[in-house]
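No experiment lies behind these values; they were computed from the predicted model shown. Along the sequence shown, residues carry numbers from 1. Side chains are part of it too, since the values below use all heavy atoms of this structure and drop only hydrogens, waters and symmetry mates.
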Amino acid sequence: MSETPLPPRPEYHPGSAQPRLNRPVHERYPQIRSTSGYGDPRIRSTGPGPGAGTEQEPERSSRLNARLVLALTVVIGQLWALTVTVNEWMKGNTGTAWWGAGFLILSFLVVIGLWLLDPKDR
């Protein structure tokens with residue numbers, strides 16, 4: 001399998017064949033001024049003040065993190081149980097598979113219970 005060679009690149013010439021595009025930037029874009037940004041009267045605020053981005057409610061954050069860890073633990077358990085349940089079902093051990101299905105339903109109800117625990121946090 002042979003590769004076809006790429007055509008040679010055209011020689012680079014600075015500027016454009018269209019003279020209107022060769023004007024200086026301030027002529028092409030008159031709306032951009034040297035004071036755009038800090039001297040623009042439309043800008044009223046420089047952005048968030050000191051302490052922006054820091055946690056304002058550490059108790060809420062820790063509560064949400066704890067619930068997230070619990071939910072992730074349940075999800076990992078569900079994935080493991082699903083694997084075991086499907087393997088047992090495929091082997092023909094339907095009794096064990098039904099117990100696994102019951103565990104999956106129970107763990108799903110635990111996640112729903114965690115979600116209903118604090119409705120004002122949503």
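Annotation: side-chain hydrogen bond (donor to acceptor under 3.5 Å, both in side chains) contacts of Thr85 (sequence neighbours excluded): none. Remark: Asn87 engages Thr83 in a side-chain contact (heavy atoms from CB on, under 4.5 Å) (not counting sequence neighbours).
Atoms CH2 and CZ, on Trp80 and Phe103 in that order, are 6.5 Å from each other to the nearest 0.5 Å. Between Trp99 atom CH2 and Glu88 atom CD the span is 14.5 Å, to the nearest 0.5 Å. Taken from OG in Ser107 to CG in Leu79, the straight-line distance is 9.5 Å, to the nearest 0.5 Å.
Hydrophobic clustering, with ILVMFWY side chains joined whenever heavy atoms are under 4.5 angstrom apart, keeps Leu64 apart from Leu72.
When all heavy atoms of Ala81 and Leu104 are compared, the closest pair comes out as CB-CD2, 3.8 Å. Of all the heavy atoms in Ala97 and Trp89, the pair that sits closest is CB-CE3, 3.5 Å.
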